[in-house]
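A short write-up of the structure that comes next.
Lettering of chains follows the sequences in order, A, B, ..., and the numbering in each one begins at 1.
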There are 2 protein chains.
Amino acid sequence: MPQKDPPRRSTVRDVAVAAGVSPGTVSKALNRSGQVSDETRARIEQAARELGFRPNELAKSVFNRRSFTVGMITTDSFERFSVPVMLGAEDALGAGRISVFLCDSRDDPIRESHYIEVLLGRRVDGIIVTGRSSNPRKPISVDASTPVVYALTPSSDPDDCSVVVDDVAAGRLAGDHLIGLGRRRIGHITGPSSFDAVRRRAQGLAHALEEAGTTIAGGVLAGSWSEAWGRQAAQILLRSNPDIDAIHCGSDLIARGVTEALRDAGRSIPSDIALSSTDNWQLIAEGARPPLTSIDMNLSQVGQVAAQRLLEAIEGKSQSGIELVTPTLVVRASTDGGV
Amino acid sequence: MPQKDPPRRSTVRDVAVAAGVSPGTVSKALNRSGQVSDETRARIEQAARELGFRPNELAKSVFNRRSFTVGMITTDSFERFSVPVMLGAEDALGAGRISVFLCDSRDDPIRESHYIEVLLGRRVDGIIVTGRSSNPRKPISVDASTPVVYALTPSSDPDDCSVVVDDVAAGRLAGDHLIGLGRRRIGHITGPSSFDAVRRRAQGLAHALEEAGTTIAGGVLAGSWSEAWGRQAAQILLRSNPDIDAIHCGSDLIARGVTEALRDAGRSIPSDIALSSTDNWQLIAEGARPPLTSIDMNLSQVGQVAAQRLLEAIEGKSQSGIELVTPTLVVRASTDGGV
DNA sequence: TTGAAAGCGCTAACAG
DNA sequence: CTGTTAGCGCTTTCAA
């Protein structure tokens with residue numbers, strides 16, 4: 001009879017003896033299953049309260065073969081992008097009384113597979129995989145009975161279920177907005193062209209401009225995600241296309257750099273040049289001079305939808321393919337001189 | 001005989017029949033406990049591999065009364081501050097093969113106590129509570145057998161174990177640095193004085209200046225954590241103390257605002273005015289013109305130490321009181337004209 | 001060296 | 001309405 005040193009908490013049996021009934025009856029009373037007389041139930045609940053009884057969910061899980069637990073693996077240390085996704089997912093899952101295991105793989109395949117082993121050992125009901133970039137990734141390998149949903153970073157296997165941001169729509173949204181303001185000579189300064197997101201956003205922007213009979217002024221200026229690149233690219237653009245009347249940026253940080261270069265060049269925002277960007281990173285967008293109009297990628301919605309799909313898959317109704325979440329335009333002073 | 005629909009994975013018993021031995025022997029062989037002949041062990045491992053057997057940690061936990069799982073509760077949605085703490089903790093715990101449950105209470109007491117219930121039900125071995133501010137908080141209520149460590153935001157009960165950043169040292173570090181550069185007329189622009197961190201940092205700065213025979217020029221300018229306040233306060237300071245030769249800021253964002261105001265005023269950094277700040281938020285500090293010297297609060301170390309203390313408490317060696325983590329100075333161009 | 005049996009904490013089936 | 005029994009998956013005495 002092994003007796004361990006860890007804390008011995010009160011059990012169903014303890015409650016049973018305290019209430020003078022059998023363990024089975026305690027279970028029924030506390031779970032409102034089966035038929036128990038009000039009088040007995042009251043006595044049991046009383047005893048449970050006095051003993052500070054809290055049912056052991058682990059034991060239930062063993063019995064139910066269901067842990068009400070999911071794993072969330074990120075490759076990017078939950079930086080700016082995956083945090084909102086993760087919170088959205090946690091939110092949606094919490095409502096279904098499911099807890100989330102946090103795993104930061106740091107983009108290391110060894111760590112990642114280690115985490116997968118651990119999660120499977122803990123019998124998670126499913127796994128959400130998230131990352132930074134929207135470039136597809138190799139699917140993780142788990143036994144077929146554990147559902148997996150990819151968020152933000154899709155799986156390269158089209159049979160998997162992925163939920164990502166609609167980058168084309170993001171570009172188009174910005175384009176339509178600037179066009180709607182009457183601008184026609186619109187530049188685009190963005191991140192490295194190795195990112196699918198960069199290419200798709202540019203594509204969406206180009207489509208919007210095409211419909212208005214124009215093209216991206218100066219072409220797509222792809223560089224890095226930094227403020228420094230924003231400053232530099234803005235200078236290039238002002239030199240090549242001095243008559244430009246709007247610029248759309250691939251990130252808020254880039255846009256910050258652009259605001260500075262424009263100020264240095266004596267161009268005012270938005271009257272001379274309207275400026276929009278992507279991410280809607282509040283602290284950055286609102287702190288800029290002027291505050292930035294930005295495309296919100298609705299990352300927490302990505303997380304919520306991913307969680308939703310995972311729940312469905314756990315229930316046996318699994319989807320496959322890539323689901324797109326639509327971004328939203330947030331207008332601020334950098335395109336809105338009116339207010 | 002309840003037969004559930006959830007996936008039936010292979011069990012010790014399955015491996016046992018496949019290998020033609022008893023379950024007990026499988027357990028011994030796989031855990032390298034007890035004595036098993038090499039030949040039998042090989043056969044068992046072979047069978048386990050073929051069946052894709054993975055031990056059910058939940059069942060082990062029930063037996064061991066130890067889940068190798070901890071809960072992490074944050075009040076601030078894992079924003080900029082608690083993310084590094086959480087990652088540091090996850091790192092330290094992962095090494096001990098402990099998984100982390102993520103709980104975002106959003107500063108809502110109802111949600112918080114709900115999460116605590118859930119965590120205790122899942123029989124976590126311990127709980128880490130973290131938040132945004134360094135102001136003490138009311139301790140969470142759990143049964144005495146579940147250890148709790150507070151990170152970043154200390155418990156108001158001195159008998160609890162808390163791990164926080166040393167704000168006084170942060171202020172002193174900045175002061176010593178600026179003094180070391182030969183500056184003597186040093187201003188301080190910081191966040192709301194309702195934050196303990198704000199008051200303690202100012203205090204540390206003041207001490208450093210005192211030792212050099214000076215005081216904070218213009219007094220402590222306490223406002224908000226925004227860039228806008230940084231801009232505004234810098235203007236105030238330039239007016240009241242035009243001969244100022246250094247400014248220390250309570251956050252990188254505030255410092256960003258200050259850089260702009262100084263540029264507008266035609267003061268150059270660092271030759272006219274040296275500028276230092278707090279947080280070392282890399283993206284922000286490095287993107288500034290010039291890049292900002294900043295005090296790194298070593299948040300991930302806070303998380304690591306908290307995890308360490310929690311592990312000790314789980315082993316029965318619990319500490320109490322507040323432990324301070326020392327910040328680090330990161331020098332960049334805003335105080336270093338030399339390079 | 002191996003197997004049989006009992007138990008971790010909980011629940012469901014079946015009697016009474 | 002309540003108690004008994006068996007079993008979730010695993011481990012650990014204790015015999016053989």
Side-chain angles (χ1 to χ4, degrees), chain A residues 1-45 47-48 51-68 120-123 125 145, chain B residues 1-44 47-48 51-68 120-123 145:
Chain A
M1 246 159 301
Q3 212 65 333
K4 304 289 158 14
D5 25 343
R8 240 222 113 229
R9 329 228 175 196
S10 48
T11 71
V12 164
R13 169 158 274 118
D14 297 334
V15 176
V17 313
V21 295
S22 77
T25 307
V26 171
S27 175
K28 284 168 213 153
L30 262 29
N31 296 313
R32 318 200 158 285
S33 61
Q35 306 290 74
V36 181
S37 78
D38 288 354
E39 195 271 324
T40 315
R41 180 197 309 283
R43 219 174 28 192
I44 289 174
E45 284 173 343
L51 290 174
F53 172 75
R54 199 185 317 273
N56 185 333
E57 300 295 333
L58 299 172
K60 291 192 189 186
S61 296
V62 173
F63 184 84
N64 297 323
R65 297 217 189 84
R66 182 101 155 63
S67 65
F68 288 91
L120 294 179
R122 296 201 192 285
R123 294 295 189 267
D125 298 331
S145 53
Chain B
M1 245 159 302
Q3 211 65 336
K4 304 289 155 17
D5 25 342
R8 242 224 112 227
R9 331 228 175 196
S10 47
T11 71
V12 164
R13 168 158 274 120
D14 298 333
V15 176
V17 313
V21 295
S22 78
T25 308
V26 171
S27 174
K28 286 168 207 153
L30 262 29
N31 295 315
R32 316 198 162 286
S33 60
Q35 304 292 73
V36 181
S37 79
D38 288 354
E39 195 271 325
T40 316
R41 178 198 308 283
R43 218 167 19 151
I44 288 174
L51 290 174
F53 172 74
R54 199 186 317 274
N56 184 333
E57 300 295 335
L58 299 173
K60 292 192 189 186
S61 295
V62 173
F63 185 85
N64 296 322
R65 297 220 189 83
R66 181 102 156 64
S67 65
F68 287 91
L120 295 179
R122 297 201 192 286
R123 294 295 188 265
S145 54

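The side chain of A:Ala59 has C:dC10 as its nearest neighbour among C:dC10, D:dC8, C:dT2. Counting only heavy atoms from C-beta on, A:Val36 has its side chain closest to D:dT2 among C:dC8, D:dT12, D:dT2. Side-chain atoms of B:Phe63 lie closest to D:dT12 of the nucleotides C:dT1, D:dT12, C:dA4. Closest approach to the B:Gln35 side chain among C:dT1, D:dC8, D:dT11 is made by C:dT1 (side chain taken as heavy atoms from C-beta onward). Closest to the side chain of B:Ser33, from the set D:dT12, C:dG3, C:dC10, is D:dT12. Listed nucleotides: C:dC10, D:dT11, D:dC8. Nearest to the side chain of A:Phe53: C:dC10. Side-chain proximity of B:Val21 to D:dC10, C:dT11, C:dG3: nearest is C:dG3.
Residue B:Arg123 places none of its side-chain N or O atoms closer than 4.0 Å to OP1 or OP2 of C:dG9. Close to C:dT2, at under 4.0 Å from its OP1 or OP2, lies a side-chain N or O of B:Ser37. The shortest distance between the side-chain N/O atoms of B:Arg8 and the OP1/OP2 oxygens of D:dC8 is not below 4.0 Å. An OP1 or OP2 oxygen of D:dC8 is reached within less than 4.0 angstrom by no side-chain nitrogen or oxygen of B:Asn56. Between B:Arg9 and the phosphate of D:dG9, there is no side-chain N or O to OP1/OP2 separation shorter than 4.0 Å. Side-chain N/O atoms of B:Thr25 include one lying less than 4.0 angstrom from OP1 or OP2 on C:dG3. For D:dT2, neither phosphate oxygen OP1 nor OP2 lies less than 4.0 angstrom from any side-chain nitrogen or oxygen of A:Lys28. Dashed line: the shortest gap from a side-chain N or O of A:Arg13 to OP1 or OP2 of C:dG7 is not under 4.0 Å. A close approach under 4.0 Å does not occur between any side-chain nitrogen or oxygen of A:Asn64 and OP1 or OP2 of C:dC10. For the pair B:Lys60 and D:dT11, the criterion of a side-chain N or O lying under 4.0 Å from OP1 or OP2 is met.
Contacts of B:Ser61 with the nucleic acid, taken as non-hydrogen atoms under 4.0 Å apart, are absent.
Spacing between atom CD1 of B:Ile44 and atom P of C:dT1 amounts to 13 Å, rounded to whole angstrom units. The distance between atom CZ of A:Arg54 and atom P of C:dG9, rounded to the nearest whole Å, is 16 Å. B:Arg66 places its CZ atom 17 Å from the C1' atom of D:dT11, with the value rounded to the nearest Å. Per the geometry, CG belonging to B:Leu30 stands 12 Å off C1' belonging to D:dT11, to the nearest Å. A straight line from CG of A:Asn31 to P of C:dA12 spans 7 Å, rounded to a whole angstrom. The CG atom of A:Asp14 sits 8 Å away from the P atom of C:dG9 (whole-angstrom rounding). Nucleotide C:dT11 holds its P atom 12 Å from the CZ atom of A:Phe68, rounded to whole Å. What separates CZ of A:Arg122 from P of D:dC10 is a distance of 15 Å, to the nearest Å.
Between A:Thr11 and B:Arg43, the residue anchored nearer the 5' end of DNA chain C, judged by the nucleotide with its closest heavy atom, is B:Arg43. Take the nearest nucleotide of DNA chain C for B:Arg41 and for B:Val62: the residue whose nucleotide is more 5' is B:Arg41.
In this structure, B:Arg54 places its CZ atom where more than 12 heavy-atom neighbours from other residues, nucleotides or ligands lie under 6.0 Å away.
Counting only heavy atoms from C-beta outward, the side chains of B:Pro55 and B:Leu30 never approach each other to under 4.5 Å. In this structure the side chain of B:Val26 never reaches within 4.5 angstrom of the side chain of B:Phe53, judged on heavy atoms.
Of the possible donor and acceptor atoms, one in the side chain of B:Arg123 sits under 3.5 Å from a partner among the backbone N and O of B:Leu120. At distances below 3.5 Å, not a single donor-acceptor pair connects side-chain atoms of A:Arg65 with backbone N or O atoms of A:Val62.
Scanning both residues, B:Ala47 and B:Ala19, for their nearest heavy atoms gives CB-CB, 4.1 Å.
To the nearest 0.5 Å, atom CZ of residue A:Arg41 and atom OG1 of residue A:Thr25 are 11.5 Å apart.
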